[in-house]
Amino acid sequence: MATENIRRAVAANCMPAPKVEFPTPLLEGLAEAVGPLQSVLERLDAMMPENWQGQRLAYKDMVRLMQEGIPLAWVPPSDVIRQLLAAGAAPSRAMVLDDCRPEVLASCAKALAAVTDVRFSAQQACLKSACG
């Protein structure tokens, strides 16, 4: 696949960080200071599209991709978004989308299946014809 190097780069960047130990009093003070913010962050995360929730994606870079015309809300899956963010230039992103076409179409189908508004029936028919 053309995106294998991108997949490896994403995987390398998602490696767990080395464990750092902090003194207990510092951790307790930090937990007390951050505690009230946790529920706000959880509520904000719950308002995000499903494919963004809990993913810690680079929103600033995602905006750039969306300005290029790549939709990222609800579709594609977060792993495809990570590959798109790791791809260097537009041709590389096009290869990612081409290589990940089955995952993207499955994500589209899942998102459209949840839509009950008849105004989106044309999009549902288009997706069905694209999937064969």
Side-chain angles (χ1 to χ4, degrees):
M1 286 183 127
T3 60
E4 190 56 39
N5 288 337
I6 294 171
R7 290 180 198 267
R8 280 190 222 130
V10 169
N13 288 321
C14 293
M15 301 271 293
K19 187 171 183 165
V20 177
E21 302 227 3
F22 293 100
T24 303
L26 177 64
L27 288 176
E28 289 170 356
L30 183 60
E32 187 177 321
V34 175
L37 296 175
Q38 187 62 36
S39 65
V40 172
L41 293 174
E42 288 170 0
R43 284 185 298 214
L44 285 173
D45 189 57
M47 288 188 254
M48 296 294 180
E50 282 185 32
N51 60 331
W52 300 6
Q53 293 177 10
Q55 298 300 316
R56 297 182 182 213
L57 297 165
Y59 296 129
K60 180 180 173 187
D61 295 332
M62 290 171 61
V63 168
R64 181 179 44 84
L65 295 182
M66 289 184 277
Q67 288 172 336
E68 290 178 9
I70 300 174
L72 299 177
W74 290 279
V75 293
S78 58
D79 62 321
V80 175
I81 293 174
R82 281 194 179 83
Q83 290 178 55
L84 289 166
L85 292 170
S92 296
R93 288 188 289 280
M95 284 191 285
V96 169
L97 290 172
D98 189 48
D99 288 346
C100 297
R101 186 175 192 268
E103 295 99 312
V104 171
L105 289 174
S107 182
C108 289
K110 180 182 174 190
L112 278 175
V115 175
T116 57
D117 191 321
V118 295
R119 293 177 290 179
F120 294 99
S121 59
Q123 286 85 347
Q124 291 171 324
C126 181
L127 180 62
K128 286 179 185 175
S129 69
C131 291

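Small disclaimer: the values here were computed from a predicted structure and weren't measured.
At distances below 3.5 Å, not a single donor-acceptor pair connects side-chain atoms of E50 with backbone N or O atoms of W74. Remark: side-chain polar atoms of Q124 are paired, donor with acceptor, to backbone N or O of L112 under 3.5 angstrom.
Nearest heavy atoms, L72 versus N51: O-ND2, 2.9 Å. Heavy-atom minimum distance, I81 versus P76: CD1-O, 3.7 Å. Shortest non-hydrogen contact noted between W52 and D45 is O-OD1, 4.1 Å.
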After noting the C-alpha distance and the side-chain angles of E68 and R93, does the key distance pass the side-chain contact (heavy atoms from CB on, under 4.5 Å) rule? CA-CA 11 Å; E68 290 178 9; R93 288 188 289 280; 2.9 Å; yes
Could you give me the CA-CA distance, side-chain angles and deciding distance for Q83 and E103, then say whether side-chain contact (heavy atoms from CB on, under 4.5 Å) is met? CA-CA 12 Å; Q83 290 178 55; E103 295 99 312; 5.9 Å; no
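L44 CG to S39 OG: the interatomic distance, rounded to the nearest 0.5 Å, is 9.5 Å. Q38 CD to E42 CD: the interatomic distance, rounded to the nearest 0.5 Å, is 4.5 Å.
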Can I get a per-line list of side-chain donor-acceptor pairs under 3.5 Å for residues 57-67, giving both atom names and the distance, sequence neighbours left out?
none

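V75 is linked by a side-chain contact (heavy atoms from CB on, under 4.5 Å) to S107, C108, A111, counting only residues two or more places apart in sequence or in another chain.
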